[in-house]
Peer 1: 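Before anything else, here's the structure in question.
Just follow the structure's listing: the first ligand is 1, and inside any ligand the first atom is 1.
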Amino acid sequence: MNLDALHAIAVKMVAPGKGILAADESSGTIKKRFDAIKVENTEENRRDYREMLFRTTKAMQEHISGVILFDETIRQKAKDGTTLVSLIEAAGSIPGIKVDAGAKPLPFSPGETITEGLDGLRERFQDYYKLGARFAKWRAVIDIADGIPTYNCISANAQALARYAALAQENGIVPIVEPEVLMDGDHDIQRCEDVTSWVLSEVFEALFVADVALEGIILKPNMIVPGKKCAAQNSVADVAERTVKVLKRHVPSAVPGIAFLSGGQSDEDATAHLSAMNAIGGLPWGLTFSYGRALQAAPQKAWAGKAENVAAGQAAFAHRALMNSLAALGKWSKAEEQKAA
Ligand code: 13P
């Protein structure tokens with residue numbers, strides 16, 4: 001393992017004012033997004049959509065440090081025959097790959113899941129490296145409800161994340177370690193704080209046991225937010241302070257960067273929260289975005305599958321990328337949002 005090379009990639013992924021585009025929706029998930037804009041889920045439409053994003057050249061060059069791809073996309077070519085990977089590289093951005101095989105029901109643990117995909121992963125990493133991937137993503141899912149999460153679920157997922165991360169590093173690939181505590185329930189912010197604290201502590205314990213070098217990973221956590229169905233919603237400042245407090249308690253400063261998932265927050269909430277955290281300042285790690293929905297909902301709507309809307313889709317993507325870039329610097333404001341819109 002060349003830790004210096006891994007560290008250099010990780011540092012580049014969280015360069016000041018830059019963040020990650022999570023465009024790694026599986027064919028099933030992208031179908032849900034396309035259904036919402038009445039676009040048929042064909043290979044060609046998936047290609048055209050992602051080509052539109054990756055050809056938003058200025059935004060890609062200035063705000064997007066890396067792009068997480070799905071297996072189909074890392075092998076796909078643009079309309080003119082260029083590989084989509086080369087489009088990303090030409091913009092100075094790093095191609096990455098989602099390698100997990102999804103969250104499956106955890107036996108004897110109703111309502112909980114374990115993320116699968118470890119079998120054959122060493123060989124897949126070798127293949128993905130040849131295709132240009134320099135970082136990877138594995139998402140563990142922890143739900144909150146009555147009686148869950150259980151220790152069984154948290155420890156099984158933490159172990160899988162650690163084995164994935166070690167295999168990635170062994171093969172020259174920076175692992176994005178993503179333990180996502182969902183915001184789907186009606187729990188309050190304190191419960192999210194307690195569960196996220198527990199999860200992060202188990203994840204870093206498992207990474208230690210697996211000999212994962214923290215200087216060569218990126219953590220992709222949820223923010224500390226109340227469940228979507230909770231009556232009491234908290235202020236931006238409250239979310240920012242609690243999230244920073246939990247991360248400071250549980251994430252060693254050897255980790256170069258933390259890149260949040262958006263998890264179903266509104267576009268503007270995801271941006272406002274990130275900006276408020278960076279405005280606190282004095283943080284030991286880079287703190288940025290690795291958003292899927294919060295970067296793509298607007299361009300999907302503007303594009304709606306029509307060639308004549310490509311410019312509008314790119315403008316919408318460039319706008320969200322700029323807003324989140326400002327947030328990664330702690331410099332976003334509602335005024336910026338309106339000015340650039
Ligand atoms: P969201 O930002 O839509 O949560 O997606 C990020 C991601 O990569 C989830 O695994």
Side-chain angles (χ1 to χ4, degrees), residues 13-14 19-34 36-37 49-50 53 63-71 73-74 93-104 113-117 133 135-144 157 160-161 164-165 168 174-185 192 196 199 203 217-225 227-228 239 243 257-274 277 287-301 316-317 320-321 323-325 327-328:
M13 288 165 72
V14 295
I20 296 161
L21 166 63
D24 59 322
E25 300 85 1
S26 63
S27 301
T29 303
I30 198 75
K31 180 178 187 312
K32 280 192 237 160
R33 309 284 181 259
F34 278 8
I37 53 170
Y49 168 64
R50 287 166 173 148
L53 297 180
H63 312 310
I64 304 297
S65 58
V67 182
I68 318 176
L69 302 168
F70 184 57
D71 182 79
T73 323
I74 201 170
S93 190
I94 311 170
I97 183 76
K98 183 233 297 290
V99 298
D100 68 67
K104 307 288 159 64
T113 60
I114 175 71
T115 300
E116 295 188 348
F135 71 90
K137 180 190 107 172
W138 178 289
R139 172 174 174 258
V141 182
I142 310 291
D143 205 356
I144 297 180
N157 275 292
L161 273 169
Y164 140 80
V174 170
I176 292 184
V177 174
E178 180 180 8
E180 175 173 7
V181 176
L182 296 177
M183 56 179 288
D184 293 341
C192 176
T196 304
V199 168
V203 166
I217 73 163
I218 295 292
L219 178 72
K220 177 162 172 168
N222 52 284
M223 297 180 195
I224 307 299
V225 290
K228 267 184 264 180
V239 168
T243 305
I258 298 176
F260 291 103
L261 58 96
S262 61
Q265 296 182 40
S266 72
D267 293 356
E268 201 170 311
D269 280 353
T271 306
H273 290 149
L274 177 63
M277 282 185 247
L287 206 61
T288 189
F289 56 91
S290 174
Y291 293 162
R293 283 163 283 180
L295 275 172
Q296 295 187 68
Q300 280 163 5
K301 213 168 140 207
F317 174 51
R320 286 272 38 97
M323 293 301 104
N324 286 306
S325 165

Peer 1: In terms of atom number and element, which parts of ligand 1 are under 4.0 angstrom from non-hydrogen atoms of Ser262?
Peer 2: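 The atoms of ligand 1 under 4.0 Å from a heavy atom of Ser262 are 1 (P), 2 (O), 3 (O), 4 (O).
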Peer 1: Does a salt bridge link Asp100 with Lys137, judged by any charged N lying under 4.0 Å from a carboxylate O?
Peer 2: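 The answer is no: the pair does not qualify as a salt bridge.
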Peer 1: Only counting residues at least two apart or in another chain, list the ones meeting side chain to side chain donor-acceptor pair (under 3.5 Å) with Asn222.
Peer 2: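 With sequence neighbours excluded, Asn222 shows a side chain to side chain donor-acceptor pair (under 3.5 Å) to Thr196, given in chain and number order.
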Peer 1: Heavy atoms only: which of Lys220, Arg139, Glu178, Gln296 is nearest to atom 8 (O) of ligand 1?
Peer 2: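 Going through Lys220, Arg139, Glu178, Gln296 one by one, Lys220 has the nearest heavy atom to atom 8 (O) of ligand 1.
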Peer 1: Starting from atom 5 (O) of ligand 1, which protein heavy atom do you reach first, and at what distance in Å?
Peer 2: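 Here the closest protein heavy atom is Gly292 N, 3.6 Å.
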Peer 1: Just checking Lys104: does its NZ atom have more than 12 heavy atoms from other residues, nucleotides or ligands closer to it than 6.0 angstrom?
Peer 2: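 Yes - once you tally the heavy atoms of other residues, nucleotides and ligands closer than 6.0 Å, there are more than 12.
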Peer 1: Do any N/O atoms on Ile68 end up under 3.5 angstrom from N/O atoms on ligand 1?
Peer 2: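 N/O-N/O distance under 3.5 Å: no.
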Peer 1: Counting from 1, what ligand 1 atoms have a heavy atom of Gly263 closer than 4.0 Å?
Peer 2: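 Result: 1 (P), 2 (O), 4 (O).
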Peer 1: Under the criterion salt bridge (charged side-chain N to carboxylate O under 4.0 Å, His left out), which of Arg50, Arg33, Lys98, Arg293 is the partner of Glu25?
Peer 2: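 Result for salt bridge (charged side-chain N to carboxylate O under 4.0 Å, His left out) with Glu25: Arg50.
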Peer 1: Is there a heavy atom in Lys137 that sits closer than 4.0 Å to ligand 1?
Peer 2: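 So Lys137 counts as touching ligand 1.
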Peer 1: If you measure from each non-hydrogen atom of Ala22 to ligand 1, which part falls under 4.0 Å: side chain, backbone, both or neither?
Peer 2: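 The answer is the side chain of Ala22.
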Peer 1: What part of Ala270, side chain from CB on, backbone N/CA/C/O, both or neither, has a heavy atom under 4.0 Å from ligand 1?
Peer 2: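 It is neither; nothing of Ala270 touches ligand 1.
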